[in-house]
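Please read the structure below before turning to the comments.
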Amino acid sequence: MTVLVTGGTGLVGHALQKVLPNAVYLSSKDYDLRNYDECLSMIRKYMPEHVFHLAAKVGGVKANSDFAAEFYYDNILINTNVLNASYNNNVEKVVSLLSTCVYPNKVNYPLTEDQIHNGEPHQSNFAYAYAKRMLDVQSRSYRKQYGCNFITAVPNNLFGENDNFDLENSHVIPAIIRKIHEANVNNKNVVLWGDGSPTREFTYSLDLANILLFILEKYDGDHPINVGGTQQHSIKEVANTIAEIMEFKNEIIWDSSYPSGQYKKPSDNSNLLSLGWKNESYTNFYDALKNTCKWFIINYPNLRGVS
Ligand code: NDP
């Protein structure tokens with residue numbers, strides 16, 4: 001059986017390589033999926049039974065805001081092309097990724113899958129969010145008209161080895177790891193935005209890789225399914241833990257003149273648990289952070305977004 005992974009060189013793709021080494025892992029250098037002919041050539045070359053569709057234009061708040069049109073255009077094209085080429089070549093199942101940041105700005109917590117389309121996403125990433133929401137719409141409409149088994153999963157904040165450590169473009173954990181490491185090397189204090197009090201849920205990329213295999217086998221539903229761990233960690237706790245792991249001797253200064261962000265964003269993973277996934281199957285947060293920091297130190301500065 002051939003399993004093809006788009007976005008196979010990213011954070012999630014690298015993690016999947018560890019648990020599913022025999023799949024075909026592709027990047028934008030192999031095929032630019034914004035181009036339908038290239039996408040079709042990819043599917044026709046490998047004729048996969050299953051596709052994990054991970055490829056996306058992903059970025060931080062600033063990039064999402066500065067390049068909103070590109071985030072919309074690239075993601076809409078990539079998703080439209082991958083699903084349509086998969087349908088046209090009888091791919092048995094496609095598993096695609098959305099993100100909890102596609103949920104509406106005004107929403108009832110915890111985030112439940114039935115609320116995804118109930119209002120505008122946050123304005124900071126509306127273009128990415130709407131393009132991702134259309135991935136759900138396209139998957140469901142192909143299921144309805146053509147009977148395709150296309151499913152979508154919704155991870156929350158991901159982190160792990162092979163993340164993007166670009167300070168302009170990265171997510172909270174890789175940004176803190178890099179800042180603390182560089183402050184350590186230069187014997188400086190580190191300044192972080194806000195007061196560190198908001199809490200977030202984080203999922204280790206290796207856990208997501210295992211969940212992707214799990215839902216490939218267990219989930220054939222038409223609606224998106226939340227797949228992230230639901231333990232809450234404050235940003236301050238994350239920073240202090242990273243500082244401890246990296247043996248940071250100087251001070252972390254919280255600059256409250258910057259916004260702290262929304263206080264809480266809990267999600268509901270009960271649909272995943274009802275399939276048999278266990279909350280205990282998520283890697284202990286400290287261990288996952290330790291693996292990531294260790295990997296970062298070994299590979300610095302030859303890392304995505306650094307060199
Ligand atoms: P990365 O940014 O780490 O990797 C993106 C991947 O997509 C790379 O392999 C990249 O190839 C590929 N890609 C980008 N543009 C194109 C293109 N035009 N044609 C073909 N391939 C392309 O992403 P992640 O691994 O972090 O994310 C994987 C999925 O998970 C995405 O769908 C994302 O939206 C979703 N997600 C991520 C979260 C996170 O915190 N990271 C949270 C929730 C959801 P190349 O290496 O050549 O650039």
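If you're wondering where the values come from, they're calculated on a predicted model, not measured in any experiment. Order of appearance sets the numbers: ligands from 1, and atoms from 1 within every ligand.
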So, is [X] polar-close to ligand 1, with some N/O to N/O distance under 3.5 Å?
X   : value
V58 : no
L26 : no
D32 : yes

- Begin with the C-alpha distance, continue with both residues' side-chain angles, and end with the deciding distance and a verdict on side chain to side chain donor-acceptor pair (under 3.5 Å) for N156 and T203. CA-CA 7 Å; N156 45 28; T203 303; 2.6 Å; yes

Nearest heavy atom to [atom]: which of [options] does it belong to?
atom                    : options              : result
atom 2 (O) of ligand 1  : R304, K57, K132      : R304
atom 29 (C) of ligand 1 : I173, D30, L54, V172 : L54
atom 12 (C) of ligand 1 : A153, G7, S96, S99   : G7
atom 14 (C) of ligand 1 : S28, A56, C39        : A56

- Query: Quick check, are the ring centers of F159 and F285 under 6.0 angstrom apart?
  - Reply: yes

State the atoms of ligand 1, each with its element, that fall below the 4.0 Å cut-off from a heavy-atom position in [X].
X    : answer
G8   : 9 (O)
L158 : 37 (C), 38 (C), 39 (C), 40 (O), 42 (C)
Y31  : 19 (N), 20 (C)
A55  : 7 (O), 21 (N), 22 (C)
T9   : 8 (C), 9 (O), 11 (O), 45 (P), 46 (O)
N156 : 42 (C), 43 (C)

- Answer with side chain, backbone, both or neither: which part of F202 has a heavy atom less than 4.0 angstrom from an atom of ligand 1? neither

- Task: For ligand 1, note which part of D74 has a heavy atom under 4.0 Å away: side chain, backbone, both or neither.
- Result: neither

Main-chain N/O of [Y] paired to [X] side chain as donor or acceptor, under 3.5 Å:
X    : Y    : answer
N284 : D287 : yes
N64  : V61  : no
R143 : F150 : yes
N79  : N75  : yes
N189 : I253 : no

- Query: What protein heavy atom sits nearest atom 30 (O) of ligand 1, and how far away is it?
  - Reply: L97 CD1, 3.3 Å

- Task: Please state whether the rings of Y142 and Y146 are parallel, tilted or perpendicular, taking 30° and 60° as the class boundaries.
- Result: perpendicular

- Can R140 and D222 be counted as an ion pair, charged N to O under 4.0 angstrom? no

- Carefully, step by step, assess E201 and Q231 under the rule side chain to side chain donor-acceptor pair (under 3.5 Å). CA-CA 6 Å; E201 300 166 341; Q231 247 185 34; over 6 Å; no

